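Some notes on the structure that comes next.
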2 protein chains.
Amino acid sequence: MSNANQPVWHEPGIARDQRWAHHHLHGATLWLTGLSGSGKSTIADAIARELLDASVLAYVLDADNVRHGLNANLGFSDADRSENVRRVGEVARLFADTGIVAIVPIISPFAADRARVRVAHAGSGLDFVEIHVGTSLAECERRDTKGLYAKVRAGEMHGLSGVDAPYEAPTAPDLVVAGDGESVTESVRRIIDHLRELGVLGAVGN
Amino acid sequence: MSNANQPVWHEPGIARDQRWAHHHLHGATLWLTGLSGSGKSTIADAIARELLDASVLAYVLDADNVRHGLNANLGFSDADRSENVRRVGEVARLFADTGIVAIVPIISPFAADRARVRVAHAGSGLDFVEIHVGTSLAECERRDTKGLYAKVRAGEMHGLSGVDAPYEAPTAPDLVVAGDGESVTESVRRIIDHLRELGVLGAVGN
């Protein structure tokens, strides 16, 4: 006997195109994957600043912060980390559908999880821009801004992607930034150029 | 030994106030709770239309549609229905924080689940407007737009809130609409008036 709450797709009363045109929006997801300490959050904030200055509506979906709310009931097993990425990806898709540029700094160590988010966006006709924040492990460890690398090397912590847990670097990202000592300013400039090519900035006449 | 991925709260580089002021936004969550067939989705779409006409950015977070994405891995046990409501509430909170009016048509039969969403919004300093779409069970069953009531009465389906599953009506909602045969137009007018009092429409000078 079936359940009366089986979901039936409800076609939105306001189509995406209509909302985007009316509010001069162009949603997309910018997915920043990379090692801990690679600069994902710094770059995310700098992109958000540039987009604000250009009057493009954007929001940083910080994976750590989402773990204080939506994903507070997830742990750090491989399955939970995958579910964490899946949920953040689904929220980003809703944001992009609304017309927001969702900026997502998230280690997301597994290629299959990232691929699933890309497929979900493609199925909705939404841009998914995978950006590899490619700061090398050696450089991340040299900076060690949060002290995590030292603690893991000392055996006081565990589960750090790229050290004692997997990190599967993207093989075909849309962009690689922060490699070979590239500055945040230059990384952001190249990302903004890419968004301009996609029409994300053009929507407001910039 | 602790996990290296324990989330640390990252203060956003762009504060909510700054984003709202720059884009003339005023986020909030409109939570439409009520029985199946009570008119939640119809009212949600009509609100979205009014807000679009007023150039207020809004998005209908349809609970059925979210079950095709973010909540596709949830079933219909009491625990899963609670988690469904929790996740939709957390997404609405992120939308409201961005500056969007999140319009959420969702049966959400348990008062405790709705209270939790309200508390989460209050903790973030965000408006949560609980609207009881109060069409009576008798009237919902008379309309039976999806044929669910007939099927449950015939023993072909189960789990319909208010019939063979609980529906805990709000005891202190912010608004009750659609009661005593109130028209959709009138319900929407009263909701929009309420939003004007909250300052949601004032943000764009309407």
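So you know, we letter chains A, B, ... as the sequences are listed, proteins then strands, and number each from 1. All figures in this text were calculated on a predicted structure; none of them were measured in a lab.
Listed by sequence position, the residues of residues 130-144 of chain A in contact with chain B number zero, using a 4.5 angstrom heavy-atom cutoff. Applying a 4.5 Å heavy-atom cutoff, the residues of residues 81-100 of chain B that approach chain A are B:Arg81, B:Glu83, B:Arg86, B:Arg87, B:Glu90, B:Val91, B:Arg93, B:Leu94, B:Phe95, B:Asp97, B:Thr98, B:Ile100.
Between chain A and the options B:Val60, B:Leu52, B:Val163, B:Thr42, the largest number of non-hydrogen pairs under 4.5 Å is found for B:Leu52. Considering only heavy-atom pairs separated by less than 4.5 Å from chain A, the leading option among B:Ala44, B:Ala63, B:Ala4 is B:Ala4. In terms of heavy-atom pairs under 4.5 Å with chain A, the best-connected choice from B:Asn3, B:Asp62, B:Asp45, B:Leu160 is B:Asn3. Options A:Lys146, A:Arg19, A:Lys151 differ in how many heavy-atom pairs under 4.5 Å they form with chain B, and the most are formed by A:Arg19.
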Passes side chain to side chain contact (heavy atoms under 4.5 Å, CB included), B:Leu57 versus A:Leu25? Steps please. CA-CA 10 Å; B:Leu57 185 57; A:Leu25 299 170; 3.7 Å; yes

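Using a 4.5 Å heavy-atom cutoff, the side chains of B:Phe76 and A:Pro7 are in contact. With a 4.5 Å cut-off on side-chain heavy atoms, A:His23 and B:His23 do not count as touching.
Taken from CZ in B:Arg67 to CD in A:Gln6, the straight-line distance is 8.0 Å, to the nearest 0.5 Å.
For chain A, no part of B:Ala46 is nearby; none of its heavy atoms comes within less than 4.5 Å. In this structure, the portion of B:Val152 lying under 4.5 Å from any heavy atom of chain A is its side chain and not its backbone.
When each of B:Asp64, B:Ile107, B:Leu148 is checked for a side chain to side chain contact (heavy atoms under 4.5 Å, CB included) with A:Asn5, only B:Ile107 meets the rule.
Side-chain contact of B:His22 with A:Ser55: a donor-acceptor pair under 3.5 Å is present, judged by distance alone.
Remark: side-chain polar atoms of A:Asn65 are paired, donor with acceptor, to backbone N or O of B:His10 under 3.5 angstrom.
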